Amino acid sequence: MEFTLGQVAAILNGKVVGDENQKVSRLDKIQEGKRGGISFLSNEKYTSFIYETEATAVIVSNNFTPIKEVKTNLIRVEDAYTGFTQLLEAYAMMMKNSMVGIEEPSYIDASSQIGEQAYRGAFSYIGKNCKIGEAVKIYSHAHIGNRVQIGNNVIIHTGAKICADTVIGNNCEIHPGAVIGSDGFGFAPQPDGTYKTIPQIGNVILEDNVSVGANSTIDCATMGSTIIKKGAKIDNMVQIAHNVIIGENTVIASQTGISGSTEIGKNCVIAGKAGIVGHIKIADNTTIGANTGISKSILKSGTTLFGYIAMDMKKFLKSYTIFKKLDSIEDRIRELEKKQ
Amino acid sequence: MEFTLGQVAAILNGKVVGDENQKVSRLDKIQEGKRGGISFLSNEKYTSFIYETEATAVIVSNNFTPIKEVKTNLIRVEDAYTGFTQLLEAYAMMMKNSMVGIEEPSYIDASSQIGEQAYRGAFSYIGKNCKIGEAVKIYSHAHIGNRVQIGNNVIIHTGAKICADTVIGNNCEIHPGAVIGSDGFGFAPQPDGTYKTIPQIGNVILEDNVSVGANSTIDCATMGSTIIKKGAKIDNMVQIAHNVIIGENTVIASQTGISGSTEIGKNCVIAGKAGIVGHIKIADNTTIGANTGISKSILKSGTTLFGYIAMDMKKFLKSYTIFKKLDSIEDRIRELEKKQ
Amino acid sequence: MEFTLGQVAAILNGKVVGDENQKVSRLDKIQEGKRGGISFLSNEKYTSFIYETEATAVIVSNNFTPIKEVKTNLIRVEDAYTGFTQLLEAYAMMMKNSMVGIEEPSYIDASSQIGEQAYRGAFSYIGKNCKIGEAVKIYSHAHIGNRVQIGNNVIIHTGAKICADTVIGNNCEIHPGAVIGSDGFGFAPQPDGTYKTIPQIGNVILEDNVSVGANSTIDCATMGSTIIKKGAKIDNMVQIAHNVIIGENTVIASQTGISGSTEIGKNCVIAGKAGIVGHIKIADNTTIGANTGISKSILKSGTTLFGYIAMDMKKFLKSYTIFKKLDSIEDRIRELEKKQ
């Protein structure tokens, strides 16, 4: 898809300095700009690149004053970063999310409903008694199980699996290969050492504006619901066990795992590879560092934790500094013992 | 699906105290009971909820004696927990596992056989020369590769991938997105720094009653078989490398990884995010804590290990307690040094 | 597929000692040899097995001299290991990678091209404007998004997802369930505590000879490209975030995670479950131990790192040895304090 600089300026409510008939088809970083691409200059750190970039055009703020000759075309807007973001969104919308219509073969049970402006990719599957809203995009190989409810403007990417009875709000995005509503890991030990499966009959509820990353897994509740509250953002390969509750606007980075029945507050930030045991509560606004193990409830809002078994982050780092030189610590003790 | 309390009592061989014509369609926790749901009271801790629950009915044991007025209907049975479990299983069976028949389009090569009472979801795939038993459910987008053998009463959930030559016993359940029999990670370093792929021609064998969680991966053996013995239960996103053997009734929680050729004994319990190196043996009845790193064989049955590099769990926790105050330990040494 | 020993010897340019009309259909380890299988003897450690193996034949090097009676048939070749490897490759090629042709239903948009000798499994999906080379195998349920480019001799296994705009070189192998080109995890915090999605409009480039393991995820760049350079080998369930660059011939084991914009050098070896923060550089030839946390750039080529927060591996192990006995360390300090 190509646009003239004139068209781009019109979209951004800006002004071309240069040739408004030149065409761009790509968004580039300014330091990697190439012919046919458009970049932006917002951070002063990158100013030097504007004098040498090969990009066809650069979006700059009205207050930008070049200190030497600029060879590229400029598009002047009120704020370059905001302008570029607008362009980015328009571009992403066109390139990535413009699919509409039904590709065949796709499968939808006669008992299910889906709203207007839907996209259903080839080999997408919708089971029995589903209620799906408007402008929902269901990519190829996505699976929507029986009795699933989905709101409006939801994207279910390729190969995502929305298991039976899941409820999804508006504006959610489920990335490729994610599994929502798989059975919780519940087995009752028997006297002979074997395990008996405990039926998992609950479901998963994703409230509005939730994002779930590629190949993440969110298990259904044993009874009741595993709940991801509105605005929570979950990265790739995150494991969320049965009956967990994730608070509003909490962000969880890749490869983190949260065990059963734990309740995480709102506006928390959990870095990658963290591990959180089951049946505890994490207060609102908690920050959990990468690869941190949380073994008990965090009661105080706003703390920052880190470590193999989580501690106050600064204290952990202090201890770790000494851990690194533990051999010399032992030497000093040995020295003291000798001198007695 | 709705049932009258009279019908429920008949299933459970119990007796209704209240209105046996009222209907229920859901199982709820007693503390979350709502009209139309049925709960149970088994743990005394929850007794107070029976006097205020909005559940339409509560299953109680015959020996339950209310100490004040109960407004909900009761179903009296010999043991409330057992009764509820029966109901749970019946419910799960009806809601989750009642699919039978063939949805089209689905794919099965003419050379493959599948037994009676099968479910084959739309877009499920069965390759060449497969032998599949009775009452096997293969959900949408499940892939069964060439020459796979599957026993009776097996559930292959949506998007699970059973690669070529895998052998699966009876009563196994493979959850959504799991990959069984992908190639092992084997590469031979070449003099020029590149790597050459070592062909992986073995397979995976899952014995009876094995469960594999969502998005877990079990690689085939380089030669011979990767074996998951009967009754082993594997959670979501567990990685099992080529030629690993997992013993009977061993339970492995989410995000654990086991490297190539390691052999794990029977009745072990491995918590989440554990990491086990290759080519070692873990004795029967070993308990491995969350996020524990196992770098050498465990020879003694019945030990409990924990830690970044595994140690006896109690010893690790003792050391970690001191780790937490290492700065004060260094202060004390400094103090001693000054006083000499 | 069965071969006579005479046929095998012809393939290997070797000589049968025994009955060249006997047939084999399987490759076995010598210690697990059974009738109908062929094994090899290369490592002297296994010599004793040749006198008792039940394998129909064993490949040996010309310089092998039995010290007692050998009951099995022998195939003598110049070098037994090389001979066996040849056989292994031929076998793997026949059994695993011999699929050719189109199974229906499969989906390819009319605007896309695919070369000769292709395999397209049932329910495989190819979107708009894709360019796909010769001898590419696309298994069932694989998804190729819009505008994807793929070279020659590439295998896309079942259920792998190659998202829009990805570029894949020659001789790559993408294992089942892997996701290439999912959106990066980018969200801009808003004043009200919510997050706004940052469009991810870049792509992923896999150069030649790259392998990506089952259920791994590689996110597209926010802008520009996430790049996996030629010959890199990535195991199962590895997470690679947006804008990461992985150098040539670098090997990354299972469950490792690499955060956004980090650049890893060439010929590195990264063991399982390592975690690497974003926006750093790792020098060429770096070795990173299992479960190691890397929090800052590694500048010096050829170092070996290990630990919860990475250190020189030997130093970490020394410190950990003392960590294990920290309680006795504290006892010794207490003793010293008493004696003052």
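Each chain gets a letter, A, B and so on, in the order the sequences are listed, and its residues count up from 1. A quick note: this is a predicted structure, and the numbers were derived from the prediction, not measured.
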| side chain to side chain donor-acceptor pair (under 3.5 Å) evaluation trace for B:H175 with A:S182 | CA-CA 7 Å; B:H175 290 278; A:S182 39; over 6 Å; no

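- Proximity to chain B (any heavy atom under 4.5 Å) is restricted, for A:A274, to the backbone atoms N, CA, C and O.
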Under 3.5 Å, which donor-acceptor pairs link side chains of residues 207-214 of chain B to any protein atom two or more places apart or in another chain?
| from | atom 1 | to | atom 2 | distance (Å) |
| --- | --- | --- | --- | --- |
| B:E207 | OE1 | B:K230 | N | 2.9 |
| B:D208 | OD1 | B:N170 | N | 2.8 |
| B:N209 | OD1 | B:N171 | ND2 | 3.4 |

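- Minimum heavy-atom separation, A:V238 to B:M237: O-CE, 3.4 Å.
- Proximity to chain A is limited to the backbone of B:K325, based on heavy atoms less than 4.5 angstrom apart.
- Residue B:E330 holds its CD atom at 5.0 Å from CZ of A:R332, rounded to the nearest 0.5 Å.
- Heavy atoms of A:S140 lying under 4.5 Å from chain B are absent altogether.
- Atom CG of residue B:L27 and atom OG1 of residue A:T222 lie 12.0 Å apart, to the nearest 0.5 angstrom.
- B:Y91 places none of its side-chain heavy atoms less than 4.5 Å from the side chain of A:M223.
- Looking only at side-chain heavy atoms (C-beta outward), B:V251 and A:Y195 come within less than 4.5 Å of each other.
- Judged as a side chain to side chain donor-acceptor pair (under 3.5 Å), not a single pair has a partner in residues 304-319 of chain A (not counting sequence neighbours).
- Using a 4.5 Å cut-off between heavy atoms, B:S254 contacts chain A through its side chain alone, with no backbone atom that close.
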| After noting the C-alpha distance and the side-chain angles of B:K29 and A:N243, does the key distance pass the side-chain contact (heavy atoms from CB on, under 4.5 Å) rule? | CA-CA 12 Å; B:K29 295 184 198 170; A:N243 296 86; 3.4 Å; yes

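- Between chain B and the residues A:P199, A:S259, A:G127, the largest count of heavy-atom pairs under 4.5 Å involves A:P199.
- With a 4.5 Å cut-off on non-hydrogen atoms, B:T250 does not touch chain A at all.
- Atoms CD1 and OG1, on A:I198 and B:T85 in that order, are 8.0 Å from each other to the nearest 0.5 Å.
- Heavy-atom pairs under 4.5 Å with chain B peak, among A:K339, A:H143, A:K128, A:M311, at A:H143.
- Here A:D109 contributes atom CG and B:E103 contributes atom CD; the two are 7.5 Å apart, rounded to the nearest 0.5 Å.
- Contacts of A:S216 with chain B are made by backbone atoms alone, with heavy-atom separations under 4.5 Å and no side-chain atom involved.
- In this structure, A:V179 and B:H157 have side chains that are not in contact, with every pair of non-hydrogen atoms separated by 4.5 Å or more.
- Heavy-atom distances place the backbone of A:S124, and not its side chain, under 4.5 Å from chain B.
- Distance check: B:L87 CG to A:I201 CD1 gives 8.0 Å after rounding to the nearest 0.5 Å.
- Closest non-hydrogen pair, A:K161 versus B:P176, comes out as CD-CB, 4.0 Å.
- When side chains are defined from C-beta on, A:I309 does not count as touching B:F323, because their heavy atoms never get closer than 4.5 Å.
- Of all heavy-atom pairs spanning B:Q255 and A:T256, the tightest one is NE2-O, 3.3 Å.
- You'll find the side chain of B:N236 reaches within 4.5 Å of the side chain of A:D219, heavy atoms only.
- For B:I322, no part sits under 4.5 Å from any heavy atom of chain A, backbone or side chain.
- Interface residue B:L317: only side-chain heavy atoms are found under 4.5 Å from chain A.
- The two residues B:H141 and A:F123 come nearest to each other via the heavy atoms NE2-O, 2.6 Å.
- In this structure, B:N249 and A:D192 have side chains that are not in contact, with every pair of non-hydrogen atoms separated by 4.5 Å or more.
- Heavy-atom distances place no part of A:S328 under 4.5 Å from chain B, backbone and side chain included.
- Going from atom CD1 of A:I333 over to atom CG of B:L336 covers 9.0 Å, rounded to the nearest 0.5 Å.
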